[in-house]
Amino acid sequence: MPDAVDPHHLLLIGAGPGVGAGVVRRFGREGFRSTLLSRAGTVDRVAAELRDGGLEIEAVAVDIEDLRGYRETLERIFSAPGAPGVVVYNAALPDPGQILETTVERLRTAHDVDVLGAVVAAQVAAPVLRAAGRGTLLVTSGGFADNPVPALASLSMGKAALRSAQTLVAAGVREDGIHAATVTIAGVVKPGTDFDPDNIAELFWTAHTDPKDAWQTEYRFTGA
């Protein structure tokens, strides 16, 4: 009977051509297959580019704003044999707007994507990973969590809340052999710079492979 969890299966939620693709490439070099979740169209384009690089990729279209449908998609993935042993939540909704000018509805939608999507992923994945006695849950944060930007109020709030949520997740799963952590990118992601996605992806790999006695709740990328 196939194992319930495949330790070489990566679930990347919020697949894009930047950090997300960099993480998939980095794990792919270690023999990982990847399942990508993102909006229709985006996920297909990113998956096609990664497959062209020789990686084993499954693409699943999902709208995280529909939290119920999103949870159902995750439940299907984690109920199948060979469920992902590594989950990276990389989704965000960078909706521009000042805190006193935006609407409550826009803030709520952004919060669903920036924070609750990660919480739902952890809620679905944790029981399966607990049963296996191992796993990794990582989320992508950024400098906005430390230094809020007025013009990006919802994202600034979201990154701070995401870090708090992931700290709580980490406390709840550590003794089960699951490493939950935040990877904070303290700079602007841009190919060909110190903040190249492939450079950043190395820190995700470090967070995944660190031994338990070296586990951190937050890993910070400040440049190559």
Side-chain angles (χ1 to χ4, degrees), residues 12-23 36-43 45-46 61-71 73-74 87-124 137-172 180-191 193-197 199-201 203-204 207 216-223:
L12 192 288
I13 303 170
V19 173
V23 170
L36 311 185
L37 266 64
S38 195
R39 288 184 179 275
T42 298
V43 71
R45 289 194 300 272
V46 175
V62 69
D63 182 359
I64 299 173
E65 294 178 26
D66 174 14
L67 287 173
R68 179 176 296 180
Y70 165 65
R71 180 186 284 272
T73 297
L74 290 173
V87 180
V88 174
Y89 190 83
N90 185 59
L93 184 60
D95 183 31
Q98 301 272 346
I99 189 69
L100 298 179
E101 298 171 359
T102 191
T103 65
V104 170
E105 289 73 19
R106 288 171 62 183
L107 290 172
R108 183 181 294 119
T109 297
H111 185 74
D112 286 349
V113 177
D114 296 342
V115 185
L116 295 185
V119 174
V120 169
Q123 289 177 340
V124 173
L137 301 171
L138 302 176
V139 301
T140 304
S141 188
F144 293 157
D146 303 305
N147 300 293
V149 175
L152 290 168
S154 63
L155 186 61
S156 298
M157 294 166 59
K159 290 303 183 185
L162 176 64
R163 182 164 60 190
S164 294
Q166 189 71 350
T167 300
L168 296 172
V169 170
T182 299
V183 179
T184 298
I185 304 167
V188 179
V189 178
K190 185 177 180 180
T193 70
D194 285 350
F195 285 85
D196 187 287
N199 295 338
I200 296 167
L203 188 56
F204 282 84
Q216 303 173 44
T217 302
E218 182 177 27
Y219 293 76
R220 296 185 67 86
F221 187 87
T222 58

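- Scanning all heavy atoms of the two residues, the minimum distance from A201 to G22 falls at CB-O, 3.3 Å.
- The shortest heavy-atom contact between S38 and T42 is OG-CG2, 3.9 Å.
- The list of salt bridge (Lys or Arg N to Asp or Glu O under 4.0 Å) pairs with a residue in residues 95-110, not counting sequence neighbours, reads D95-R106.
- Checking side-chain atoms of K159 against main-chain N and O of D114 turns up no donor-acceptor pair under 3.5 Å.
- Of all the heavy atoms in I99 and L107, the pair that sits closest is CD1-CD1, 4.3 Å.
- No donor-acceptor distance shorter than 3.5 angstrom exists from the side chain of S156 to the backbone of P148, with no hydrogens or angles considered.
- A donor-acceptor pair under 3.5 Å links the side-chain atoms of Y70 to the main chain of G117, judged by distance alone.
- Remark: of the listed residues L12, V88, V189, V189 is the sole one forming a side-chain contact (heavy atoms from CB on, under 4.5 Å) with V19.
- Side-chain contact between T140 and I185 is present, with at least one heavy-atom pair separated by less than 4.5 Å.
- With sequence neighbours excluded, no residue forms a side chain to side chain donor-acceptor pair (under 3.5 Å) with D196.
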| message | Determine whether L37 and L74 satisfy the following criterion, side chain to side chain contact (heavy atoms under 4.5 Å, CB included), listing intermediate values before the conclusion. | response | CA-CA 9 Å; L37 266 64; L74 290 173; 3.8 Å; yes

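- Across L162 and A118, no two heavy atoms sit closer than the pair CD1-CB, 3.6 Å.
- Partners of T73 according to the side chain to side chain donor-acceptor pair (under 3.5 Å) rule, which considers only residues two or more places apart in sequence or in another chain, are R76.
- Rounding to the nearest 0.5 Å places NE2 of H111 at 13.0 Å from CG of L155.
- Side chain of Q166 to backbone of V183: no donor-acceptor contact under 3.5 angstrom is found.
- Heavy-atom minimum distance, L152 versus P94: CD2-O, 4.2 Å.
- F221 pairs by the ring pair (Phe, Tyr, Trp, His ring centres under 6.0 Å) definition with F195, not counting sequence neighbours.
- Checking side-chain atoms of N90 against main-chain N and O of G14 turns up a donor-acceptor pair under 3.5 Å.
- With sequence neighbours left out, the side chain to side chain donor-acceptor pair (under 3.5 Å) criterion links Q123 to R71.
- Side chains of T184 and E218: a donor-acceptor N/O pair is present below 3.5 angstrom, by distance only.
- Under the side chain to side chain donor-acceptor pair (under 3.5 Å) criterion, D146 pairs with R163, R220, sequence neighbours left out.
- Heavy atoms only, all atoms of each residue included: V115 and A161 are closest at CG2-CB, 3.8 Å.
- Test D112, L93, L116 against E65 for side-chain contact (heavy atoms from CB on, under 4.5 Å) and you get one pass: L93.
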